[in-house]
*Asks:* 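Sharing a structure here in structure tokens format.
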Amino acid sequence: MTPPVSLRNHDIAELRRLDVAHHLAPQQDWQAVEDMGGSRIIVRAEGSTIIDGDGVRLLDGMAGLWCVAVGYGRRELADAAHAQMLELPYYNSFFKTTTPPTVELAARLAGLMGGRLQHVFFNSSGSEAIDTMIRIVRHYWQVQGQPQRQVIIGRVNGYHGSTIAGMSLGGMAPMHAQGGPLLPGFVHVMQPYQFAEGFGESEADFAARAAQAVEDAILAAGPENVAAFVGEPVQGAGGVIIPPAGYWPRVEAICRKYGILLVCDEVICGFGRLGRWFGHQHYGIQPDLITMAKALSSGYLPISAVGVADHVVAAIKAEADDFVHGYTYSGHPTAAAVAMANLDIMEREALVRRTAEDTGPYLAQRLAERLAGHRLVGEARSLGLIGAVEIVAEKGTNRRFGPGGKAGFVVRDICIAKGLMVRGVKDSIVMSPPLIITRPEIDFLVDTIAAALDEAEPALKAL
Ligand code: PXG
């Protein structure tokens with residue numbers, strides 16, 4: 001056991017009391033937090049390891065919340081923020097002014113996106129990026145003289161943030177149930193989740209069927225009314241849904257056939273997660289817009305962006321009027337400076353190539369060796385450094401323990417008790433570790449999930 005680290009005089013018991021009394025945590029059951037006596041307080045982190053107030057060390061199999069690509073404790077990022085704050089902590093980009101890091105980051109992202117995606121609009125969060133993307137899409141069709149194109153197609157179980165627009169576009173049933181009425185104009189099609197919805201079907205047939213759902217939705221709405229299709233290259237929060245081969249090229253072709261904008265939400269897949277700078281590059285498709293956040297700054301400061309293709313920007317410029325949208329912190333210089341330093345690290349340490357050629361394949365190999373054959377595992381899948389383990393009641397089927405989609409949470413809690421932070425999503429365990437994760441840490445991650453599954457079996461049978 002590693003000895004407890006310095007607690008820097010945090011009074012953890014008092015913090016937990018105050019947490020219950022005053023802090024409303026996002027996407028949580030506040031009563032459940034109170035019943036457990038307050039949240040676990042994370043006080044420190046280094047590399048791929050987080051450390052809580054009791055000195056317990058956990059391997060962070062989620063990179064924070066899918067974001068801390070370069071790992072924790074990077075002095076370089078703190079130095080970048082420090083230097084920029086002293087020079088110019090903030091200035092806006094609203095009135096024909098802007099700041100050096102803002103422009104430098106836009107140009108750098110244009111280089112990483114490549115192709116037609118040469119323009120960048122900044123925001124602070126993924127949800128804000130989604131709102132910006134919707135505003136640009138709508139404005140684009142207005143200036144194109146087709147203002148009736150208002151329908152935006154998303155997917156069931158897609159996640160696009162928690163603002164009203166983001167959750168309306170997203171397909172999270174619990175969010176829809178609480179957050180209604182949804183904004184009008186959003187339609188949801190089936191997700192390309194073969195394990196749950198195409199079990200036993202050939203991959204090619206399932207890819208064709210899932211893509212056909214997009215075309216059917218376009219035809220149902222009337223192609224002349226459809227503005228865009230939006231999807232995560234790999235659905236993250238929905239449970240790491242890796243689409244079957246052929247799905248994305250088909251969806252792209254369908255969008256082109258009807259002249260509909262193709263949007264990839266790269267908030268999780270962007271910046272190396274799938275082994276390329278952006279997820280759409282892995283699938284060989286060319287979206288008209290992309291959204292990005294999270295690993296853009298490795299979560300050290302909030303910043304997000306929308307990448308926009310030349311032809312979309314050209315159409316809006318031709319209108320010669322203000323695009324009346326933007327946030328106080330759009331292009332925040334300190335956040336942009338930290339993002340630049342973060343990209344410096346990613347490039348210097350070749351984290352994208354390492355994910356594609358070393359750690360990503362190694363994770364896939366370890367999942368195959370250690371988990372795919374486990375009697376409680378229906379499927380263990382990964383792409384780059386994102387993965388999921390499907391928990392099943394009967395090997396060789398996709399039959400679950402109980403109807404409530406709770407198996408993932410049972411196994412997750414045991415993983416945490418064993419020193420591994422992962423997420424449960426319904427009946428699966430999902431992982432998205434920092435891109436700096438090492439092979440021994442990948443071994444620990446996979447071995448811990450296997451041990452947790454063994455230990456969970458009685459509790460799973462009781463579900
Ligand atoms: N798009 C995608 C694809 C996301 O994953 C957002 C947009 C919204 O980003 P912000 O920065 O506004 O949160 C996200 C965020 C989970 C979980 O439970 C995932 C996210 C956020 C919160 C929880 O896995 N992703």
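All ligand and atom numbering here is 1-based and tracks the order in the structure.
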*Asks:* Between the side chains of Glu379 and Arg381, is the shortest nitrogen-to-carboxylate-oxygen separation below 4.0 Å, so that they form an ion pair?
*Replies:*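 So Arg381 pairs with Glu379 through a salt bridge.
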*Asks:* In this structure, are over 12 heavy atoms from other groups packed under 6.0 Å from Gln31 atom CD?
*Replies:*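 For Gln31, atom CD is crowded (more than 12 foreign heavy atoms under 6.0 Å).
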*Asks:* Listing request: all salt bridge (Lys or Arg N to Asp or Glu O under 4.0 Å) pairs with a residue in residues 279-289, at least two apart in sequence or in separate chains.
*Replies:* Arg116-Asp288, Arg256-Asp288
*Asks:* Strictly below 4.0 Å, N to O, side chains only: are Arg250 and Glu252 in salt-bridge contact?
*Replies:*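 Judged by the 4.0 Å cut-off on N to carboxylate O distance, Arg250 and Glu252 do not form a salt bridge.
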*Asks:* For residues 102-111, which residue pairs pass the salt bridge (Lys or Arg N to Asp or Glu O under 4.0 Å) check, not counting sequence neighbours?
*Replies:*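 Every salt bridge (Lys or Arg N to Asp or Glu O under 4.0 Å) pair that includes a residue of residues 102-111, provided the two are not neighbours, is Arg108-Asp344, Arg108-Glu347.
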*Asks:* Any salt bridge (Lys or Arg N to Asp or Glu O under 4.0 Å) involving residues 421-435? Give me the pairs, sequence neighbours left out, ordered by first then second residue.
*Replies:*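 Sorted pair list: Arg400-Asp427.
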*Asks:* Strictly under 4.0 angstrom, heavy-atom based: which residues surround ligand 1?
*Replies:*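 If the criterion is a heavy atom under 4.0 Å, then ligand 1 touches Leu65, Trp66, Ser125, Gly126, Ser127, Tyr159, His160, Gly161, Glu232, Ala237, Asp265, Val267, Ile268, Lys294, Arg423.
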